[in-house]
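The structure appears below as structure tokens.
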2 protein chains.
Amino acid sequence: MGTHLHHPTLKKNQQLVQDVLLASSSPLSAYSILDVLRDQGFRAPLQVYRALDKLVEFGLVHKLESLNAFVACSHEECELDEPAAFMICETCEGVSELNDSKLTGYLGKLASKENFTLKHTTVELHGLCSNCE
Amino acid sequence: MGTHLHHPTLKKNQQLVQDVLLASSSPLSAYSILDVLRDQGFRAPLQVYRALDKLVEFGLVHKLESLNAFVACSHEECELDEPAAFMICETCEGVSELNDSKLTGYLGKLASKENFTLKHTTVELHGLCSNCE
DNA sequence: TGAAAAATGTAATGTTATTACATGTCATTT
DNA sequence: AAATGACATGTAATAACATTACATTTTTCA
Ligand SMILES: [Zn+2]
Ligand SMILES: [Zn+2]
Ligand SMILES: [Zn+2]
Ligand SMILES: [Zn+2]
């Protein structure tokens with residue numbers, strides 16, 4: 001396990017975005033979040049993107065690159081411990097976040113074998129979850 | 001190794017797009033490809049996206065989800081053998097494609113442990129290549 | 001309190017990707 | 001050869017995703 005850093009108290013917009021993501025059973029695009037938050041006064045995409053940037057920085061939210069969408073972290077917070085992988089169901093759109101140290105370790109090995117300095121990994125597995133099979 | 005399927009002869013637009021990607025040292029967005037091909041008569045994004053769809057289907061081109069960009073396959077063609085991972089240098093934008101069966105195998109294991117039916121994997125490692133370190 | 005840093009509001013713009021519909025090309029069948 | 005059907009192409013319009021620029025407000029902290 002890596003060092004656990006406390007994130008600062010969330011600002012108003014950050015908290016609103018975080019609440020929307022926590023309430024969702026599947027990843028949401030920035031524009032979907034915007035639509036939900038129009039009632040709370042959101043008017044422009046940048047309000048969402050700025051909040052998301054911070055939440056991702058704090059490790060409270062992850063971006064799924066293959067979906068252009070965002071999910072709340074399934075754990076307390078990933079912080080410096082990057083999530084290892086996401087399993088994404090094509091049918092129900094459910095996502096489960098895996099923190100598998102063996103996978104992380106192996107990706108690190110692959111990188112060092114080529115003298116590649118690893119900064120960030122994206123691992124997204126698409127398929128069908130056990131329910132949807 | 002999986003079954004080797006022959007892809008059909010490339011059509012004109014497919015070949016043009018493939019040639020642009022083969023000549024590039026780094027991944028290209030669909031719109032960058034379009035710009036290059038304006039001289040050859042390309043006018044609209046869809047001409048590029050349609051060609052890319054086919055090339056990806058044939059295993060001759062891969063999409064890098066974290067960059068919204070496309071690269072020519074480094075091997076003859078990946079066909080049904082999905083590439084295992086890409087290492088992407090943040091500095092020179094160079095990409096190297098890894099076909100690592102141990103990684104593929106481990107991702108499969110992770111999935112089956114959760115009764116997840118794996119259809120497609122996205123593994124993209126960001127960092128610095130040995131040259132740029 | 002006063003200055004600096006961070007967050008927010010808003011508009012405009014840039015980038016990536018798809019839908020819709022018309023036309024063209026080529027192999028197969030009659 | 002004409003008719004058919006499958007696939008490829010041309011073009012315009014629009015949708016979806018994301019950033020730049022600039023003004024203002026709030027928070028932090030010396
Ligand atoms: Zn997490
Ligand atoms: Zn499912
Ligand atoms: Zn390949
Ligand atoms: Zn490099």
Side-chain angles (χ1 to χ4, degrees), chain A residues 5-21 24 26-58 60-71 88 90 93 120 122 124 126, chain B residues 5-21 24 26-58 60-71 88 90 93 120 122 124 126:
Chain A
L5 291 185
H6 288 271
H7 61 75
T9 317
L10 297 184
K11 299 303 176 185
K12 184 177 159 231
N13 288 359
Q14 294 163 10
Q15 188 66 60
L16 286 166
V17 169
Q18 168 78 328
D19 289 346
V20 171
L21 285 174
S24 172
S26 53
L28 297 176
S29 73
Y31 279 76
S32 302
I33 296 169
L34 175 58
D35 286 341
V36 172
L37 289 175
R38 291 213 191 265
D39 293 341
Q40 337 285 324
F42 274 46
R43 310 294 306 276
L46 192 50
Q47 296 177 285
V48 177
Y49 282 109
R50 284 202 277 227
L52 286 170
D53 282 349
K54 286 298 180 180
L55 293 168
V56 168
E57 182 185 325
F58 300 155
L60 295 171
V61 165
H62 305 297
K63 178 171 188 181
L64 299 177
E65 298 288 353
S66 59
L67 298 178
N68 295 318
F70 301 83
V71 280
I88 302 166
E90 289 172 352
E93 307 201 285
H120 176 72
T122 297
E124 299 174 12
H126 287 254
Chain B
L5 291 184
H6 289 270
H7 60 77
T9 317
L10 297 184
K11 300 302 176 185
K12 184 176 157 234
N13 287 359
Q14 294 163 11
Q15 188 65 61
L16 287 166
V17 169
Q18 168 79 329
D19 288 346
V20 171
L21 285 174
S24 172
S26 54
L28 297 176
S29 72
Y31 280 77
S32 302
I33 295 169
L34 175 58
D35 285 342
V36 171
L37 290 175
R38 292 216 191 262
D39 293 341
Q40 337 286 322
F42 273 47
R43 309 293 308 274
L46 193 50
Q47 295 176 286
V48 177
Y49 282 109
R50 284 202 277 227
L52 285 170
D53 282 349
K54 285 299 182 180
L55 292 168
V56 167
E57 182 186 325
F58 300 155
L60 295 172
V61 165
H62 305 297
K63 178 172 186 182
L64 300 177
E65 298 288 353
S66 58
L67 298 178
N68 295 316
F70 301 83
V71 280
I88 301 165
E90 289 172 350
E93 307 200 286
H120 176 72
T122 296
E124 300 174 10
H126 288 254

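Throughout, protein chains are lettered first and strands after them, A, B, ... in sequence-line order, and every chain is numbered starting at 1.
Remark: A:K54 pairs with A:Q14, A:E57, A:F58 by the side-chain contact (heavy atoms from CB on, under 4.5 Å) rule, at least two apart or across chains. In this structure B:S66 satisfies the side chain to side chain donor-acceptor pair (under 3.5 Å) test together with B:E124, B:H126, sequence neighbours excluded. With sequence neighbours excluded, the residues satisfying side chain to side chain donor-acceptor pair (under 3.5 Å) with B:S32 are B:S29. With sequence neighbours excluded, no residue satisfies side chain to side chain donor-acceptor pair (under 3.5 Å) with B:Q18. For B:Q15, the side chain to side chain donor-acceptor pair (under 3.5 Å) test picks out B:D19, with sequence neighbours left out. With sequence neighbours excluded, the residues forming a side-chain contact (heavy atoms from CB on, under 4.5 Å) with A:V20 are A:L28, A:I33, A:V36, A:L37, listed by chain and number.
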- Base, backbone or nothing for each nucleotide of nucleotides 11-21 of chain D, written B, S, -, heavy atoms under 4.0 angstrom, 5' to 3'? BB----BBBBB

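Listed by first and then second residue, the salt bridge (Lys or Arg N to Asp or Glu O under 4.0 Å) pairs that reach into residues 28-39 of chain B are B:D35-B:R38, sequence neighbours excluded. For the salt bridge (Lys or Arg N to Asp or Glu O under 4.0 Å) condition, no pair includes a residue of residues 43-53 of chain B, sequence neighbours left out.
Contacts between residues 13-20 of chain B and DNA chain C, counted as heavy-atom distances below 4.0 Å, involve no residue at all.
Across the helix from C:dT1-D:dA30 to C:dT30-D:dA1, the helix axis at one end is tilted relative to the axis at the other end by 30° (nearest 10 degrees, each axis from five pairs).
For the pair B:L52 CG and D:dT9 C1', the computed distance is 15 Å after rounding to whole Å.
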Protein-nucleotides 24-29 of chain D N/O pairs under 3.5 Å:
{"residue": "D:dT27", "atom": "O3'", "partner": "A:K11", "partner atom": "NZ", "Å": "3.4"}

